[in-house]
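Whatever order the structure lists them in is the order used to number ligands and atoms, beginning at 1.
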Amino acid sequence: MRPEGPVKVGILISGRGSNMQSLVAASQGPASAYQIALVASDKPDAAGLAWAAERGLATFALSPKGIGKPAYEAAIDQALREAGVEVIALAGYMRLLSGEFVRRWQGRILNIHPSLLPLYKGLDTHARAIEAGDAKAGCSVHIVTEQLDDGEVLGQAEVPILPDDDATALAARVLVEEHRLYPQVLTEFVRR
Ligand code: GRF
């Protein structure tokens with residue numbers, strides 16, 4: 001049996017961390033089903049890491065450069081466990097986790113991806129949706145498996161693609177939905 005109280009979530013980021021910020025904001029109400037126990041990054045200079053540290057959140061930064069992926073992931077895993085993390089939320093984390101890491105956290109890692117999965121796994125999702133002539137785009141929160149942007153989709157949000165859209169304009173419209181969707185799906189996930 002897990003202890004009473006909010007589920008402890010660890011967030012992994014690589015950059016600006018706007019999705020991390022929306023997860024943090026939603027965790028700060030008294031009735032939140034989760035709390036942020038750690039924000040960790042593979043990029044010690046990630047803007048989101050400074051934002052989290054300024055707000056008094058526990059942070060951990062380590063670059064895999066020079067130490068290799070196994071040692072890097074072992075250190076991240078240890079930091080997450082020491083913080084009591086139960087569920088990991090990837091939020092703009094730009095590295096593929098190894099099968100070993102994913103198996104250790106089986107079914108307990110979530111990711112947000114800026115497309116309507118299973119469409120457009122990987123990078124440049126917005127440009128690819130425009131190029132394909134799609135009428136709509138969106139974002140998906142899914143369980144992380146060993147395959148890139150694969151795994152059970154837990155929730156999606158759609159936006160229209162407008163005639164004058166470029167990738168930047170579409171990304172901004174999708175991002176608004178990401179910030180709404182991720183806290184909502186994470187809350188449902190930790191309650192289930
Ligand atoms: C988001 O669009 C997310 O869906 C994708 O990378 C971007 C990260 O943005 N995986 P941010 O760091 O959360 O601002």
query = Taking 4.0 angstrom as the limit, do Glu158 and Lys136 come out as a salt bridge?
reply = yes
note = Exactly one candidate in Val87, Val144, Val85 meets side-chain contact (heavy atoms from CB on, under 4.5 Å) with Trp105; the answer is Val85
ask   = Is Glu131 salt-bridged to Arg128, going by a charged N under 4.0 Å from an acidic O?
value = no
query = Judged by modelled atom types alone, do Thr125 and His113 share a side-chain donor-acceptor pair under 3.5 Å?
reply = no
query = Is Arg104 paired with Glu100 through a side-chain N to carboxylate O contact shorter than 4.0 Å?
reply = yes
inquiry  = Residue by residue, ordered by chain and number, which ones reach under 4.0 Å of ligand 1 with a heavy atom?
reply    = Arg16, Gly17, Ser18, Asn19, Gly92, Ile112, Pro114, Glu178
For residues 59-70, dump all side-chain donor-acceptor pairs below 3.5 Å to protein atoms at least two apart in sequence or in another chain.
{"unit_1": "Ser63", "atom_1": "OG", "unit_2": "Lys65", "atom_2": "N", "d": "3.1"}
{"unit_1": "Lys69", "atom_1": "NZ", "unit_2": "Leu96", "atom_2": "O", "d": "2.5"}

